[in-house]
Amino acid sequence: PKFRWLLNGTKVRHEVEDGFMHIVDFTEEDRGSYTCVAINEAGRTERHLQMDVDRSARRGTWSQWSACSRTCRGGFQIRRRQERCSPSESECIQVQETRSCSDTI
């Protein structure tokens, strides 16, 4: 059979081999209604599916907040998480968030 994949009625931009669609790195544009069309001498059939993109799956969980950097005025706390930033997942960045603490004299 010959296969064709459509996203919201338009040919997909992803690689298709032997009827399998390969999406390497999801983006918001990958969200939508997919249709796989298979055609051979016996006829044509279609299968439909809805796909959503959850970008949070690419993010690690936040660490616990660090101890306050000072015991009086002007201290801060830090927490971190890892985020994958390449399809190979070998390159990661670390995101850091800070908040103030120790506002007493």
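Residues passing the side-chain hydrogen bond (donor to acceptor under 3.5 Å, both in side chains) test with R4, sequence neighbours excluded: none. Considering only residues two or more places apart in sequence or on other chains, Q96 meets the side-chain hydrogen bond (donor to acceptor under 3.5 Å, both in side chains) condition with R80.
Nearest heavy-atom pair across W65 and E97 is CZ3-O, 3.5 Å. Nearest heavy atoms, G75 versus S69: CA-OG, 3.4 Å.
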Side chains of residues 37-46: which donor-acceptor pairs under 3.5 Å do they make with residues two or more places apart or in other chains?
{"residue": "N40", "atom": "OD1", "partner": "A42", "partner atom": "N", "Å": "2.8"}
{"residue": "N40", "atom": "OD1", "partner": "G43", "partner atom": "N", "Å": "3.2"}
{"residue": "R44", "atom": "NE", "partner": "E46", "partner atom": "OE2", "Å": "3.4"}
{"residue": "R44", "atom": "NH2", "partner": "E46", "partner atom": "OE2", "Å": "2.5"}
{"residue": "T45", "atom": "OG1", "partner": "R47", "partner atom": "NH1", "Å": "3.3"}
{"residue": "E46", "atom": "OE1", "partner": "H48", "partner atom": "NE2", "Å": "3.3"}

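Using a 4.5 Å heavy-atom cutoff, the side chains of K11 and W5 are not in contact. No side-chain heavy atom of Q50 sits less than 4.5 Å from a side-chain heavy atom of Y34.
Clustering of Ile, Leu, Val, Met, Phe, Trp and Tyr by side-chain heavy atoms under 4.5 Å joins F76 with I78.
To the nearest 0.5 Å, the span separating CZ on R79 from OG1 on T61 amounts to 10.0 Å. Interatomic distance, CG of N8 versus OG1 of T35, reported as 8.5 Å (0.5 Å rounding). How far CE of M51 is from CG of L7: 8.0 Å, rounded to the nearest 0.5 Å.
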